[in-house]
Amino acid sequence: MTDLVVFLGPPGAGKGTQAIRIASEFNLAHISTGDMLREHVKELTDLGKTAKSLLDEGKLVPDDLVIQMLTERLSHEDCLRGSILDGFPRTLPQAESLEKISNKFPVRKVIVFEADQEELTKRILLRGEISGRSDDTEDSIRVRLEVYQKDTQPLINFYEDKRIVTKINAVGDIDNIYKLISKEF
Ligand code: AMP
């Protein structure tokens with residue numbers, strides 16, 4: 001069971017929070033490319049040095065670097081029981097890179113988190129006060145929402161063609177949203 005479940009949705013939609021809970025309840029690996037990149041920035045690795053300004057500005061890190069990082073991560077033993085991908089793929093080339101390894105790591109399901117832009121901006125700004133994430137500024141949020149619409153949203157069609165998409169209303173009570181998502185596992 002090395003299946004992948006992809007959590008797809010705009011920044012601030014609650015993917016990370018839900019992914020952590022689902023992964024722990026269903027004993028799956030939680031793979032957040034954003035967390036991994038922030039760790040690289042903290043550790044001052046070469047990748048971290050390249051990624052830092054992109055993260056702060058809300059832009060995407062180049063596909064080849066993220067694909068390499070993700071592919072390496074999937075080789076870890078905890079991924080043998082299945083994984084939740086939180087924040088990957090974010091572009092068509094990234095989705096296509098998953099197709100290439102689909103014999104080993106098939107994408108079984110894509111859960112799309114839906115929420116309106118105003119709500120998301122509010123949520124992220126609130127989170128910034130709490131977590132101090134350096135990309136939770138108004139400028140960066142605007143860029144991240146634009147990048148989502150331009151680069152990531154087209155993936156919904158890509159996966160709808162494969163009939164593996166479930167859409168979830170991501171606005172509302174966290175526990176209710178969790179219940180909706182957990183039905184998919
Ligand atoms: P996240 O924590 O998922 O919101 O990601 C934070 C930031 O990390 C994004 O704004 C991007 O700069 C970078 N990032 C995370 N995942 C990816 C990805 N799959 N492709 C490119 N950049 C990414």
Side-chain angles (χ1 to χ4, degrees), residues 1-19 22-23 26 28-37 51 54-55 57-71 73-74 79 82-124 135 140-172 176-185:
M1 265 286 284
T2 53
D3 296 16
L4 307 176
V5 175
V6 170
F7 281 14
L8 193 74
K15 298 188 297 293
T17 309
Q18 299 290 353
I22 295 278
F26 294 92
L28 304 166
H30 169 218
I31 304 181
S32 158
T33 45
D35 284 350
M36 292 172 78
L37 289 165
L54 295 167
L55 257 77
E57 288 168 36
K59 295 178 183 160
L60 294 182
V61 173
D63 285 331
D64 55 339
L65 299 180
V66 186
I67 289 168
Q68 197 184 356
M69 180 180 80
L70 191 271
T71 311
R73 176 68 184 84
L74 286 174
C79 299
S83 310
I84 297 176
L85 297 189
D86 163 13
F88 186 99
R90 260 179 158 90
T91 65
L92 219 42
Q94 291 180 18
E96 280 157 0
S97 77
L98 284 182
E99 294 298 293
K100 290 196 192 123
I101 55 170
S102 64
N103 54 339
K104 255 177 139 178
F105 298 101
V107 176
R108 177 166 60 85
K109 193 172 289 238
V110 176
I111 297 180
V112 174
F113 288 61
E114 295 188 308
D116 78 49
Q117 188 141 338
E118 218 170 295
E119 171 72 23
L120 295 171
T121 310
K122 261 197 297 191
R123 276 196 203 184
I124 304 175
D135 59 349
S140 172
I141 294 167
R142 192 172 21 80
V143 176
R144 282 151 66 201
L145 288 168
E146 279 166 17
V147 166
Y148 177 75
Q149 278 166 13
K150 180 171 152 287
D151 294 317
T152 309
Q153 225 162 8
L155 298 185
I156 299 175
N157 276 337
F158 177 86
Y159 286 119
E160 268 181 336
D161 287 346
K162 300 178 191 296
R163 312 205 178 283
I164 53 172
V165 170
T166 304
K167 291 184 178 170
I168 300 275
N169 177 3
V171 181
N176 286 339
I177 297 167
Y178 176 74
K179 278 185 204 137
L180 285 177
I181 298 172
S182 58
K183 281 191 199 138
E184 302 296 320
F185 285 82

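Nothing here was measured: the structure is a model prediction, and the numbers come from that model.
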For [X] against [Y], the heavy-atom pair lying closest together:
X	Y	result
P11	I124	O-CD1, 3.6 Å
L8	K15	C-CD, 3.9 Å
V147	G58	CG2-O, 4.0 Å
F88	S97	CZ-OG, 3.9 Å
Y159	A95	OH-CB, 3.7 Å
S182	F26	O-CZ, 3.8 Å

query: Out of curiosity, T91 OG1 to K150 NZ, how far, rounded to the nearest 0.5 Å?
result: 10.0 Å
Distance in Å, S83 OG paired with R108 CZ, rounded so as to fall on 0.5 Å steps: 11.0 Å
query: Stepwise, does the salt bridge (Lys or Arg N to Asp or Glu O under 4.0 Å) test hold for R123 with E119?
result: CA-CA 6 Å; R123 276 196 203 184; E119 171 72 23; 3.4 Å; yes
Please examine the side chains of [Y] and [X], heavy atoms only from C-beta on, and report whether any two atoms are closer than 4.5 Å.
X	Y	answer
H30	D86	yes
K167	I156	yes
L98	L85	yes
I168	I177	yes
I111	I84	no
I31	C79	yes
L74	L70	yes
R144	I141	yes

query: Q94 pairs by side chain to side chain donor-acceptor pair (under 3.5 Å) with which of D63, T33, T152, D151?
result: D63
message: The test is side-chain contact (heavy atoms from CB on, under 4.5 Å); show your working for L92 and L155 and say whether it passes.
response: CA-CA 6 Å; L92 219 42; L155 298 185; 3.5 Å; yes
query: Do side-chain atoms of R73 reach the backbone of M36 as a donor and acceptor pair under 3.5 angstrom?
result: no
Backbone N/O of Q117 and side chain of T121: donor-acceptor pair under 3.5 Å: yes
task: Just say parallel, tilted or perpendicular for the rings of F7 and F185, cut-offs at 30° and 60°.
output: perpendicular
message: Looking at E114, I want to see if its CD is surrounded by more than 12 non-hydrogen atoms of other residues, nucleotides or ligands under 6.0 Å.
response: yes
